[in-house]
Every structure is written in structure tokens, then in C-alpha cells.
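Since we're looking at a predicted model, the values are computed, not measured.
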Amino acid sequence: MTRLLIIGGSDAGISAGLRARELDSGVTPLLIVADRYPNYSICGIPYHISGEVPDWRNLAHRSHEDLQAAGLRLMLDTRATAIDPHNRQVTVTGADGESRRLDYGSLVIGTGAEPVRPPITGLDRLGPRDGVHVLHTIGDTHALTATLARQPRQALIVGAGYIGLEMAEALHARGLQVTVVEQLQQVLPTVDADLATLVADELHRHDVTVHTGTTVTAVDRTEQGRLTVTGASTDGAPFEATVDLVLVVVGVRPDTALARAAGLALGVRDAIAVDRQMRTSVDGIWAAGDCVHTFHRVLDTDAYLPLGSTAHKQGTVAGENALGGHRVFAGSTGTQVVKVFDLVAARTGLRDADAAAAGFTPVSHRTAANDHKAYYPDARPITITVTGDTATGRLLGAQLVGHRDSAVAKRVDIYATALHHRMSVDAVVDLDLSYTPPLGSPYDAVQIAAHEWSLRHRPSTS
């Protein structure tokens with residue numbers, strides 16, 4: 001019997017196996033990996049496509065050999081097809097089509113997420129050979145690079161979320177004319193519309209065509225071998241474009257078919273329901289990563305937040321507890337960041353609508369503050385929206401957009417840390433942050449924005 005069996009070879013699964021080995025070198029976790037690419041950074045794919053990471057092998061957090069040296073056993077090109085919790089067995093099928101049953105003492109499920117395929121006519125019959133792609137795995141990456149080798153001239157991306165925008169930049173770097181089509185009324189729907197406008201302006205500045213409020217309904221091949229994409233805007237105006245490459249990246253959903261069939265309870269958005277020790281509803285089974293729901297520290301309840309950083313942490317918790325530990329997942333604040341050409345957009349915590357739905361009395365205030373002292377050359381503004389609770393003064397969230405050299409990613413981390421510790425907006429102003437004129441101000445930009453919120457919205461009792 002395998003003492004610890006892990007389904008999945010990405011962030012959560014690998015983290016679970018490595019944590020188990022750290023705690024007990026006598027344990028040899030066995031990982032079932034559906035493809036031949038364990039422990040690869042899916043988040044790094046756009047930077048391989050752009051050419052900034054020329055060798056796709058460099059996207060591996062650790063090589064197969066490194067994982068073996070760390071004490072993990074991996075069954076590659078092997079898919080778990082059934083879980084029998086009563087007998088503690090997992091049925092797997094290898095690349096040769098042969099099935100076998102594996103016994104386990106403890107099981108960790110890290111099946112991740114799968115890309116959403118929207119109801120676009122033609123998407124079910126056209127694929128990479130036609131120039132129509134999704135992008136979620138290293139296999140998808142190889143298929144896309146094969147299409148790029150045919151030197152397409154024009155590309156259309158369906159979806160203006162994080163991956164869609166990163167891929168717009170990547171394909172632009174490869175010399176393609178890029179069009180982005182988004183069903184919602186703004187790019188980057190995870191930030192407020194006024195901040196998303198700054199991102200759209202950056203795309204336009206680099207000659208990326210953007211169509212928001214537009215739904216793609218069909219894709220078809222022309223007689224000349226190109227692709228015709230059709231749809232309509234929200235006001236009924238028809239949309240049509242003829243391109244050489246179509247990339248559909250409209251989000252992901254948890255991959256939970258295996259867990260559902262095994263009788264595990266599902267939670268938010270049909271992700272696997274887990275507690276903060278990453279235990280599922282079935283004894284002896286833990287789960288982590290993009291296939292599970294996540295405890296949200298601001299909402300104080302569960303949410304679906306498929307993030308690589310979260311998957312690593314949850315996997316560590318699951319790996320420890322699968323060996324009998326009692327580690328608790330601290331929770332997430334939904335911190336995210338994306339680079340779009342020379343601009344960086346970041347967010348953490350809640351926006352107004354989510355905060356109001358959760359029972360807070362939120363208000364947001366937008367401020368522009370320089371990234372360092374104005375008298376030092378090249379000071380640039382960071383646009384910051386702070387969301388706080390007017391009843392208590394508690395910080396609820398923050399959104400930032402600024403130049404790529406303005407440390408936006410690290411500045412959002414200050415707000416994320418404050419959210420983690422349930423601080424007030426006022427308390428952010430009091431933080432002892434570093435200062436030197438080339439890099440900041442006596443009150444950092446994050447504190448200036450917090451102070452501006454407090455001036456207008458501080459509760460009278462605080």
C-alpha cells in the first residue's frame with residue numbers, strides 16, 4: 001500500500017508531496033500525473049510564447065529528476081479514473097490504455113481546473129491544426145507554438161482577463177496584429193471600470209484592438225484557410241473579423257468530475273468542499289488547489305479563487321495533514337497582479353459590490369500618488385482605489401494601476417498584509433515603511449491613498 005497517494009502533478013500536488021517528505025523522509029509519495037509535464041508553471045506560458053523564456057523546459061519549477069531526488073515517485077501520462085473511498089483505492093489508466101488499482105493510506109486530490117469552453121459555434125470541431133486554441137497546459141503551449149511557426153499575421157483573443165491580456169502582449173511581441181474581444185463592458189473585469197480604462201488605453205497604445213461588450217458566437221474556416229470570427233455587441237451591432245489564429249481564454253472551472261463520482265461533497269462553484277485543514281467530506285481524503293474552494297479572510301467564508309500562490313499553500317497544508325498533522329490554511333485575500341506591456345494592475349480583497357453583498361457598508365476612494373518623491377527624476381503616478389467599511393473603518397480591499405517600474409506588485413502586498421491582519425484603513429497610514437527619495441516618500445503611495453480615504457470616510461467613532 002502507498003502511504004500517501006496524490007492525484008495531480010501541478011502546484012498543489014507537488015507541494016503536498018514535498019511537505020510530506022520534509023516531515024517524514026520515510027514516506028515516498030506517489031503522484032499520478034495526467035500528462036508528461038509535472039510541476040510546470042502554467043503562469044509562465046505567456047512569457048515562453050513571447051520569446052522572453054525561449055526554452056519551455058525552463059518553465060519547470062523543478063525537473064522530473066529533481067522531484068525524484070527529493071523523494072517523490074511520479075507516474076506520468078497516467079490518469080486517475082475512479083476513487084473508491086471505502087476500499088481506499090484509486091483506479092488509474094496509463095498511456096498504454098492499461099488500468100490498475102492503487103491502494104492508499106491517505107489521498108490528496110489536486111486535479112486543478114479546466115478551461116471554460118464558451119458556446120461558440122465551430123469551437124467543437126476546429127482545433128489547433130486549424131489555428132483555434134485554448135491555453136491551459138504545456139501540451140496546449142506546444143500546439144500554439146506549432147501554429148506560430150506557420151507565421152500567422154493576425155490573431156484574435158476571446159477573453160480580456162489576466163491570461164487574455166498577457167497573451168495579447170505575448171502575441172504582439174511575436175509580430176502579430178492582435179484583437180481582443182471581451183463579452184463584458186471592460187477589459188480586466190476583476191478591477192473597477194475606471195482602472196480598467198487605464199489598461200485598455202495601454203493596449204491601444206501598443207496597437208492592440210479592443211472590443212468590449214461584444215460576444216463571439218461563431219468561428220469558421222474560410223476557403224483560403226483563414227478563420228472568420230463573428231458575433232455581436234450588446235447594442236446589437238454585428239462583429240466580424242478574419243484572422244489566422246484564434247485563442248479562447250475565458251476562465252477556468254474546477255475539475256471535480258473524479259471527486260463528484262467518488263461521493264465527495266462539492267461547495268462554492270462546484271469546487272470540492274474542504275475545511276481549513278484541507279479535509280474533504282470523506283475520511284482519509286484531502287484536496288487542494290484550483291479544484292477546491294478557498295477560505296477568504298475578508299469574507300470569512302469560502303470562495304472560489306484559482307490562484308497559483310494559493311494552490312502552493314493549500315498543497316503544503318494538505319501534505320502535512322495527510323500524515324496526521326493539524327496545520328490550518330490561513331486563507332486568501334484574493335491578491336492578484338498582471339503586467340500589460342508597461343503597465344501593472346493589481347488588486348486584493350473586496351470591491352464595493354462584493355463587500356456590500358457580504359454585509360459591509362463599503363465605500364471606495366480613488367487617489368493618484370507618485371511612486372517616489374517628485375523632485376527625483378522619473379516619478380510616476382500610481383492610481384489607487386481603497387475600499388473600506390464606513391461602519392468600522394476596516395480596510396476591505398485595494399486596487400492599483402501603475403508603471404511596471406513603480407513596484408505595484410509589492411505595494412499591493414502591503415494592503416494584502418493589512419487585510420490578512422484585519423487592519424483598519426487608518427492603521428495602514430501608521431505603518432513604518434521604508435523611505436528614500438528615489439524609491440518612495442515619507443508617506444508611501446499606499447499610505448497617501450489610505451489617508452485620503454480616512455479624511456473622507458473615517459467613522460465618527462474611530
Side-chain angles (χ1 to χ4, degrees), residues 44-54 56 115 118 120-123 126-136 140-189 196-233 237-250 338-345 404:
I45 290 174
Y47 310 107
H48 168 61
I49 297 298
S50 70
E52 294 165 280
V53 182
W56 64 270
I120 298 174
T121 301
L123 192 58
L126 298 176
R129 290 186 179 180
D130 305 294
V132 179
H133 297 263
V134 296
L135 188 65
H136 189 66
D140 295 336
T141 305
H142 292 332
L144 180 56
T145 55
T147 295
L148 291 172
R150 301 199 293 264
Q151 298 185 329
R153 302 186 307 276
Q154 295 172 306
L156 184 142
I157 299 173
V158 183
Y162 286 80
I163 300 300
L165 298 186
E166 289 170 342
M167 286 304 301
E169 180 179 352
L171 294 177
H172 178 274
R174 294 288 293 258
L176 279 74
Q177 293 179 316
V178 181
T179 298
V180 176
V181 181
E182 169 59 47
Q183 184 175 9
L184 299 178
Q185 296 297 326
Q186 64 176 77
V187 302
L188 201 61
T197 297
L198 302 177
V199 178
D201 290 344
E202 181 72 1
L203 291 165
H204 290 308
R205 194 168 70 85
H206 287 85
D207 298 321
V208 173
T209 302
V210 178
H211 294 274
T212 55
T214 302
T215 301
V216 171
T217 56
V219 58
D220 202 358
R221 281 181 63 87
T222 69
E223 292 181 359
Q224 294 75 31
R226 304 190 76 200
L227 296 163
T228 299
V229 181
T230 54
S233 65
F239 169 82
E240 182 172 331
T242 300
V243 297
D244 307 298
L245 186 158
V246 172
L247 178 63
V248 180
V249 280
V250 296
V338 63
K339 184 185 82 68
V340 182
F341 294 101
D342 292 325
L343 206 66
V344 174
R404 61 182 296 181

- Task: Could I get the full list of side chain to side chain contact (heavy atoms under 4.5 Å, CB included) partners for Thr197, not counting sequence neighbours?
- Result: Asp201

- Item | Non-neighbouring partners of Asp220 that pass side chain to side chain donor-acceptor pair (under 3.5 Å), sequence neighbours left out | Arg125

- Message: Pair Val229, Val246 - check side-chain contact (heavy atoms from CB on, under 4.5 Å), show working.
- Response: CA-CA 8 Å; Val229 181; Val246 172; 3.6 Å; yes

- Under the side-chain contact (heavy atoms from CB on, under 4.5 Å) rule, what do Leu135 and Thr141 come out as? Steps first, then yes or no, please. CA-CA 7 Å; Leu135 188 65; Thr141 305; 3.9 Å; yes

- Excluding sequence neighbours, so at least two apart, what forms side chain to side chain donor-acceptor pair (under 3.5 Å) with Asp130? none

- Message: So, taking the atom named CG in Asp140 and the one named CD1 in Ile45, what distance separates them when rounded to the nearest 0.5 Å?
- Response: 7.0 Å

- Item | Interatomic distance, Ile49 atom CD1 to Leu144 atom CG [nearest 0.5 angstrom] | 4.0 Å

- With a 4.5 Å heavy-atom cut-off, do Val340 and Glu166 have their side chains touching? no

- Message: Distance check, rounded to the nearest 0.5 Å: Leu247 atom CG versus Leu176 atom CG?
- Response: 11.0 Å

- Message: Could you tell me if the side chain of Leu165 sits less than 4.5 Å from the side chain of Leu188, heavy atoms only?
- Response: yes

- Any salt bridge (Lys or Arg N to Asp or Glu O under 4.0 Å) pairs touching residues 170-180, not counting sequence neighbours? none

Show the atom names and distances, to 0.1 Å, of all donor-acceptor pairs under 3.5 Å that link a side chain in residues 150-163 to residues at least two apart or in another chain.
{"residue": "Gln154", "atom": "OE1", "partner": "Arg226", "partner atom": "NH2", "Å": "2.6"}
{"residue": "Gln154", "atom": "NE2", "partner": "Gln177", "partner atom": "OE1", "Å": "3.1"}
{"residue": "Tyr162", "atom": "OH", "partner": "Thr190", "partner atom": "OG1", "Å": "3.2"}

- Picking from Thr214, Leu171, Val208, what satisfies side chain to side chain contact (heavy atoms under 4.5 Å, CB included) with Val180? Val208

- Counterpart residues, side chain to side chain donor-acceptor pair (under 3.5 Å), relative to Ser50 (two or more places apart): Glu52

- Task: Report yes if the side chains of Thr121 and Thr217 come closer than 4.5 Å at any heavy-atom pair, otherwise no.
- Result: no

- Message: Which heavy atom of Pro46 sits nearest to which heavy atom of Ala170, and what is that distance?
- Response: O-CB, 3.3 Å

- How would you list all residue pairs meeting salt bridge (Lys or Arg N to Asp or Glu O under 4.0 Å) that involve residues 204-217, not counting sequence neighbours? Glu202-Arg205, Arg205-Asp342

- Across all chains, not counting sequence neighbours, the side chain to side chain donor-acceptor pair (under 3.5 Å) partners of Glu169 are Lys339

- First locate atom OG1 of Thr215, then atom CG of Leu184, and finally report the distance between them rounded to the nearest 0.5 Å. 8.5 Å

- Message: Less than 4.5 Å apart, side chain to side chain, heavy atoms only: is that true for Phe239 and Val181?
- Response: yes

- Query: Does any donor atom in the side chain of Thr147 or His133 lie under 3.5 Å from an acceptor atom in the other side chain?
  - Reply: yes

- Item | side chain to side chain contact (heavy atoms under 4.5 Å, CB included) partners for Pro118, two or more places apart | Ile120, Leu123, Val248, Val250

- Task: Kindly write out the residues that satisfy side chain to side chain contact (heavy atoms under 4.5 Å, CB included) with Thr212, not counting sequence neighbours, or none if the list is empty.
- Result: Glu182, Val187, Val210

- Under the ring pair (Phe, Tyr, Trp, His ring centres under 6.0 Å) test, which residues partner His172, sequence neighbours left out? Phe341

- Task: Not counting sequence neighbours, which residues clear side chain to side chain contact (heavy atoms under 4.5 Å, CB included) with Ala146? List them please.
- Result: none

- Do Leu148 and Leu245 have side-chain heavy atoms sitting under 4.5 Å apart? yes

